**Q** 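I have a structure I would like to understand better, so I am pasting it below and will then ask my questions one at a time.
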There are 2 protein chains.
Amino acid sequence: MRSFSFYERVSRAFHVYPSLSKLLIVSTVSGGGFIAYAEASSPNDALSPPSSEAEPKKKKVVVLGTGWAGTSFVKSLSNPSYDVHVISPRNYFAFTPLLPSVTCGTVEARSIVEPIRNIVRKKNYDACYWEGECYKIDAQNKKVYCRPVPNNLNGNEEFVVDYDYLIIAMGARPNTFNTPGVEENCHFLKEVEDAQEIRRSVIDSFEKASLPNVSDDERKRILHFVIVGGGPTGVEFAAELHDFVNEDLINLYPLAKDSAKITLLEAADHILNMFDKRITVFAEQKFQRDGIDVKLGSMVVKVTDKEISTKARVNGETTSIPYGMVVWSTGIGTHPVIRDFMKQIGQTNRRALATDEWLRVEGSDSIYALGDCATINQRKVMEDILAIFSKADKDNSGTLTVKEFQEVIEDICERYPQVGLYLKNKKMYDIVDLLKEAKGDVAKESIELNIEEFKSALSEVDSQMKNLPATAQVAAQQGKYLANCFNRMEECTNFPEGPLRFRGEGRHRFRPFRYRHLGQFAPLGGEQTAAQLPGDWVSIGHSSQWLWYSVYASKLVSWRTRALVITDWTRRFVFGRDSSRI
Amino acid sequence: MRSFSFYERVSRAFHVYPSLSKLLIVSTVSGGGFIAYAEASSPNDALSPPSSEAEPKKKKVVVLGTGWAGTSFVKSLSNPSYDVHVISPRNYFAFTPLLPSVTCGTVEARSIVEPIRNIVRKKNYDACYWEGECYKIDAQNKKVYCRPVPNNLNGNEEFVVDYDYLIIAMGARPNTFNTPGVEENCHFLKEVEDAQEIRRSVIDSFEKASLPNVSDDERKRILHFVIVGGGPTGVEFAAELHDFVNEDLINLYPLAKDSAKITLLEAADHILNMFDKRITVFAEQKFQRDGIDVKLGSMVVKVTDKEISTKARVNGETTSIPYGMVVWSTGIGTHPVIRDFMKQIGQTNRRALATDEWLRVEGSDSIYALGDCATINQRKVMEDILAIFSKADKDNSGTLTVKEFQEVIEDICERYPQVGLYLKNKKMYDIVDLLKEAKGDVAKESIELNIEEFKSALSEVDSQMKNLPATAQVAAQQGKYLANCFNRMEECTNFPEGPLRFRGEGRHRFRPFRYRHLGQFAPLGGEQTAAQLPGDWVSIGHSSQWLWYSVYASKLVSWRTRALVITDWTRRFVFGRDSSRI
């Protein structure tokens, strides 16, 4: 149906616009010509089995959220034996890495979104979408309570949806760290609406500053843009804003030329501190050259309507800076619904829902959580050390030979990825080296460890455990992983492919989720981008900007968004950014 | 400065994107290939002289409004001896004929706007723009009082601007005819923001209607779209909405297929009643085939949050219809500031500011008004009949010979255009025929009229006077006319080119404003457009759709908006309209 109408449209278009064929070819070439930066698909993903194994009739899967995790799950699910219901207050998926570009009109908001209904209706399984906000999860009765999204005149009633499996992918909220005045006076940058509002606000500031009765001091205040948080979003926004002001706005607002100022506040010692040191230094130097004032080690303690107060970490000194607009982009906080649900299942005092390595929420049977609202609670080797030992010690001799150990080694590394990381960091190429280290200088074949020696050999490995960052990349991979598990649920129940269950019988049904870091970008403005790719490969400058363009163009959800974003970039090159306050 | 950065951008772009050159050529061709539909420029425009004639230093011209009239004035003004200040709550000009297309995403809002600062800074005169709303005009002291536009956190104070000449071009407000509930429950369609809100509302209605707990009746109510007013805007919106629903939305919202309904309410006997009868009939029949319910002769008497009550003009019967969304598009009302100003200068009980034929506000010296906020008060021949007679009767004989009459005939026709219209309607080719008619069957040369006979000859002509419609075309022509007068103010003061002053000495400085109707379009959906061009030429169907595309593309303010609108059309052809609620 859809493809028909698409072809119909195209042929109609070609019929009447002969020149269109050229246009289409050009955009296809420029789209396709971008370096394909393929995301390596983890071939053998896996998931812990829910208690009820057999699925005679269609199981109802409810997905909460249409962000990276939820959309990636919906897109990758391909098993027609599910009945999928997607519930989210946003009826579209947004390509969030381009949000900072939307704030300044380098890319239009509508170009980076794809209606979830467009995605859902192409699937081979039964799927539907409901625009609503989940306000309560009842795990006991397997129900979620939802209400239509707020801006709703013809008020519908709330609705209740039951599920067999629940996928929580609601993302996170901005984290204000309870700093007074932040909610009231700051802009956030998490949603498409935020980006649009920031854009309007920036233009508005320039208009306000140009009014005839504004004093020089007041103009300086109005045009002082403060960004709190030196992470990738904050840095990219600062860079975009700098370009917007210097490439477009100062031509239109002559008075603003000497008054506009951008300040970036970062509580830590450096901006972009999740990146390689080389990138950090480059970024800081570039910002200095650009006149962006980077204030390191300064924590925001209060925001009023016209002033922002910071405290220096070094000497505790407090300063108040007059500002016109603040964008708050520091870390993420918990969604109230998630917080309530965590209380319900006994996970208190955490930032996010804890799941096992198969993304299943701890303490719940058929609920999975992924993306920014969840963290994987990687099991420690030390917690299971006795079970591992006894499983490995096949002859029950009370000691472990190298041969016995080698038989379970693969399962251990799969179940406890920190072991592999530890070996890599220690530059050990064989896990037997670990045992050797514990045992001292003994011939490899004759090594035999008792439980205490085994414990001491592995005592350090858990230090390698790290939480995954709250990024789009992690969320997208998790969604895909979980969908693959759901796709192969029946197959893997019969032929489990996961690691040995050390504390139980048999094998885990699926392999645990494993994150593959594919690199990270930080656009720094002026067509300079820093890229940190796997293998510690760092690239800074114009070439990375092109890599950035290519990757982002190839990653966009659909040919539609790809074409839109590329034409937006072209428009920006040719005509500059628009300064209309709409 | 600007052009430099533009070329810099382009050359940089071509340097790095070789394929871009193709793209640019294609869009230039498709833009330029559209039939040029040139607006005939009235070569000898004119304006009544303000009292102070000589202009030793730069005169300060304050323009209120950035709509069609204001922008057209600013664009056409080219005399560097003015100091121009533009004040408007919108820092952009919007190409309003495409607003109905924005409501359904056929064209993006940003594509039809051009920042006023972009227009202003290309001018050769001193010009600046202030984003603010005029809330009071003080004609006595030649001052306007303004405040920054509302959505303003860092509240500036109000500001006062003085002027030498004031150009009022603030447009109009939607007219609710004081119908209860309209302000609270209806959408209007006058501003870009309105169109964006309507778009969100339409999507929202479809989402609401698809929720699981919605009954069939409730779904039908939510998806009942009512349009009040069968003028061009209402009709075009109905057509756009019908296409949006049937080409795009029903594929995405399967439940909506049989529930969505569009009703068009018109108080008169026909929709599009300012058009030719053939167009009206065609439109009504097309709407009937499309399933759009056109209810003629029904006046809206009340709107509640879920029902709209109408009264049939024929039998006075009242009906209540449940609805989901109402768009109110019936005529225009007066801006409160204009109403206050009218009180100040003694023009009460009028819808719009009355001006003379040179667009100067009656009763004010240096204030001009144009566009939707003004109407031209054409002077009646009968009011001046004595003055005309005595001016024409050069020899003071008390009678008028044909020769005497012929000498002033041109001035009469210029000063009182109704005379020309009257002759044309009566199919008289010579004005002398008029006199002949009064005098009976006499040889042309021997006609001689006394004052009473002269009066009776011209007694009917004033019946031909018509108010100009409140359209973009009128506003744009007025802006251009007035700018031309300002451009040639000094020249025309020394060598007046207007008609004779019948009630005074000498000639008017400028020719009076004369509107040239260039035709009108009514897009009816499904790529069918009705066009009514000068000379009663009517065209309906696909060919007019292409004419419509061409004219609108050629009329857009800048190459930027032209390229944007054309790419929007292309995108829509290829990908359909977007249904994301943003």
Side-chain angles (χ1 to χ4, degrees), chain A residues 1-2 5 9-10 12-13 17 19-20 22-23 26-27 29-30 91-92 108-110 113 115 117-118 121 130-132 148 152-154 156-157 159 161 192-193 203-204 207-208 210-214 222 247 251-252 305-306 324 560 563-564 567 570-571 573-576 578-582, chain B residues 1-2 5-6 9-10 13 17 19-20 22-24 26 29-30 91-92 108-110 113 115 117-118 121 130-132 148 152-154 156-157 159 161 192-193 203-204 207-208 210-214 222 247 251-252 305-306 324 560 563-564 567 570-571 573-576 578-582:
Chain A
M1 177 86 189
R2 168 70 181 178
S5 81
R9 244 170 214 140
V10 170
R12 210 167 50 193
Y17 280 122
S19 60
L20 196 66
K22 279 184 224 154
L23 185 72
V26 171
S27 28
V29 168
S30 47
N91 75 348
Y92 54 84
E108 286 304 321
R110 202 166 288 279
V113 303
R117 286 175 183 271
N118 266 355
R121 70 172 175 149
W130 290 327
E131 190 184 71
N152 168 28
L153 286 172
N154 300 299
N156 287 80
E157 304 302 302
F159 56 97
V161 184
V192 173
E193 281 88 350
I203 303 284
D204 227 29
E207 290 293 356
K208 293 282 127 50
S210 306
L211 287 178
N213 60 339
V214 173
I222 295 175
E247 289 174 11
N251 299 328
L252 294 178
D305 61 339
K306 292 187 179 176
R560 197 186 125 269
L564 298 191
T567 46
T570 315
R571 288 168 171 190
F573 272 110
V574 180
F575 300 111
D578 181 38
S579 70
S580 310
R581 192 176 49 80
I582 56 169
Chain B
M1 177 82 189
R2 169 69 182 181
S5 82
F6 172 77
R9 246 175 212 135
V10 171
Y17 280 122
S19 61
L20 195 65
K22 279 182 226 156
L23 185 71
L24 200 76
V26 171
V29 168
S30 48
N91 75 348
Y92 53 84
E108 286 304 320
R110 203 167 288 280
V113 302
R117 286 175 183 272
N118 266 356
R121 70 173 175 147
W130 290 326
E131 190 184 71
N152 168 28
L153 287 172
N154 301 298
N156 288 80
E157 305 302 304
F159 57 97
V161 184
V192 173
E193 282 88 351
I203 303 285
D204 226 30
E207 290 294 356
K208 293 283 124 52
S210 306
L211 288 178
N213 60 339
V214 173
I222 295 175
E247 289 173 12
N251 299 328
L252 294 177
D305 60 340
K306 293 187 179 177
R560 197 186 124 268
L564 298 190
T567 48
T570 315
R571 287 168 171 191
F573 271 110
V574 180
F575 299 111
D578 181 38
S579 70
S580 310
R581 192 175 50 81
I582 57 171

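A note on names: the letters A, B, ... follow the listed sequences, proteins ahead of strands, and every chain is numbered from 1. Worth knowing before you read on, the calculation uses all heavy atoms, side chains too, and leaves out hydrogens, waters and symmetry mates. This one's a predicted model, so the numbers in the text were calculated from it and none came from an experiment.
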**Q** Hey, are the side chains of B:Pro148 and B:Glu131 touching, using non-hydrogen atoms and a 4.5 Å cut-off?
**A** no
**Q** Sequence neighbours left out, what passes side-chain hydrogen bond (donor to acceptor under 3.5 Å, both in side chains) with B:Ser210? Give chain and number order.
**A** none
**Q** Against chain A, work out which of B:Ala109, B:Gly132, B:Pro212 has the most heavy-atom pairs shorter than 4.5 Å and name it.
**A** B:Pro212
**Q** Could you work out, with salt bridge (charged side-chain N to carboxylate O under 4.0 Å, His left out) as the rule, every residue matching A:Glu207, not counting sequence neighbours?
**A** B:Arg117
**Q** Please classify the contact of A:Leu564 with chain B as side chain, backbone, both or neither, using a heavy-atom distance under 4.5 Å.
**A** both
**Q** Tell me if a side-chain donor or acceptor on B:Asn91 pairs with a main-chain N or O of A:Ser580 at a distance below 3.5 Å.
**A** no
**Q** Of the backbone (N, CA, C, O) and the side chain (C-beta and beyond), which part of A:Arg571 lies under 4.5 Å from a heavy atom of chain B, both, or neither?
**A** side chain
